[in-house]
> 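The following block contains the structure, expressed as structure tokens.
Numbering of ligands and ligand atoms starts at 1, following listing order.
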Amino acid sequence: MIVLVVNAGSSTLKCQLVQTDGKVRLMKALAERIGAPGSSMEVAFAPDFHERTVLVEGCSVPECLGILLDMLQDDPDSPIGSLDEIRAIGNRIVAGGERFSESVLVDDGVLEELTRCEELAPLHNPPADACIRLLRERLPHTPEVAVFDTAFHTTMPPKAYMYPLPQRYYQDYGIRRYGAHGTSHRYAAQQAANLLGRPLEDLGLITCHLGNGGSITAVNHGVSIDTTMGFTPLEGLMMGTRSGSIDPAIVTYIMRRDGISFEEMDRILNKDSGILGVSGLSADMRDVLAAADEGNADAALAVDMYVYRVQKAIGSFYAAMTRTDVVVMTAGIGENSAELRERIFAGLAHMGMILDRDRNDVTGQIGVNRIISIDDSPIKICVVTTDEEMRIARETSALVG
Ligand code: ADP
């Protein structure tokens, strides 16, 4: 089945066309900094995936999607002859609130409920919903599926999802912990169970999605019981540009001292903090590791803090579960950085998580799901390659098919 996967963010659009039967990619498109001067979209078609750049200056996120649909329809190199060949559309939705505990086929009722979830992720959900509406107009006979980042975490118990605030904020505003990266944690957990050759339901897992954004989840008997991200993706780990958890009193203190607005403070916490804020250099872990190697003290501090905060999160979920069988590493940093894995697990050996240095080595191993702990490590450590678009495509085809 040919599935169009649409992953719309506040100023980004990532799309892929996937033939789910053979897990074959037919098209990839990426637009970043949408709305900024000179913004463009990179589009590549199978089989050679030669990138072509399309200017999308002045376009909104759904308008970029409209341009992509035109290209798929009219470009002589398009892998499809007509948009009718697209049999289903999978839309990634950041926040599904308490309403959506699994992926759903989009109909009028669902669309109305999606609109109600917009206030939970005001930057991400509205453009995604706008893309769904555009696709309903352009491809009215093609079923659309919404796949939620939060759905996997709807199994968290109240003691994990409630904040110690007056209850009216939960009742009136829905303020609670929702988590994120749900499809990635679910997939990582299942792949780790496959590697161990054991049913997921029998295992206690700690899944670590360490990318530009990052979160760690405690998966007990196949369900999420706690995760580091909260009401928004700002809570939890230190990330590329997000602070992660800090003393909330810092927010009001800085606002008073600097006389800044809510929007400004929001930007500082989400865009100027984390690895970028501490290193003063870059949000990209590769740059910061390289600078630390060259003796840059701020870069070294950023890496130290990152590692320490990941270690503390893994330790806290070890305490939250009744048993831990496996820790799973996934996403950009988790999959690719043998150095950071080594540093993270060097501090966790006393809990029974013992890395095998040779297995941890990445040479020739990028993209290979594997166990990287020593044979008699009481808790196994795995690396799993995440592929968000492919997962959304397969989930969509399963629901539609
Ligand atoms: P996103 O959350 O945007 O999908 P990714 O999962 O692609 O991000 O992760 C991006 C992060 O992974 C960046 O910080 C990048 O530097 C880091 N990364 C990728 N490869 C490596 C590597 N070999 N060593 C260290 N960090 C890496």
> Students should be able to answer this: which protein heavy-atom is nearest to atom 2 (O) of ligand 1, and at what distance?
Asn212 N, 3.0 Å

> If you draw a 6.0 Å radius around CZ in Phe49, do more than 12 non-hydrogen atoms from other residues or ligands fall strictly inside?
yes

> Might you confirm whether atom CD of Gln73 has over 12 heavy atoms from other residues, nucleotides or ligands at distances under 6.0 Å?
yes

> Closest non-hydrogen protein atom to atom 27 (C) of ligand 1, residue and atom name please, with distance?
Arg286 CG, 3.6 Å

> Is Arg177 close enough and on-axis enough to Tyr161, meaning under 6.0 Å and within 45°, for cation-pi?
no

> Distance alone, cut at 3.5 Å: any donor-acceptor contact between the side chains of Thr53 and Glu42?
yes

> Return the option from Gly334, Ser184, Gly332, Ala283 holding the heavy atom at the smallest distance from atom 12 (O) of ligand 1.
Gly332

> Do any nitrogen or oxygen atoms of Lys14 lie less than 3.5 angstrom from nitrogen or oxygen atoms of ligand 1?
no

> At less than 4.0 angstrom from any non-hydrogen atom of Ser337, what atoms of ligand 1 do you find?
24 (N), 25 (C)

> Which residue owns the protein heavy atom closest to atom 15 (C) of ligand 1, what's the atom, and how far is it?
Asp284 OD1, 3.5 Å

> Of Arg92, Lys14, Gln16, which is the lone residue that meets side chain to side chain donor-acceptor pair (under 3.5 Å) with Asn7?
Arg92

> Going by distance alone, is a donor N or O of one side chain under 3.5 Å from an acceptor N or O of the other, for Arg133 and Thr115?
yes

> Taking atom types as modelled, find out whether Ser215 and His209 have a side-chain donor-acceptor pair closer than 3.5 angstrom.
no

> Does ligand 1 come near enough to Met285 that some N or O of the ligand is less than 3.5 Å from an N or O of the residue?
yes

> What is the closest protein heavy atom to atom 17 (C) of ligand 1, and at what distance does it sit?
Ile333 CG1, 3.5 Å

> Between ligand 1 and Gly213, can you find any atom pair, the residue atom being a heavy atom, that is separated by under 4.0 Å?
yes

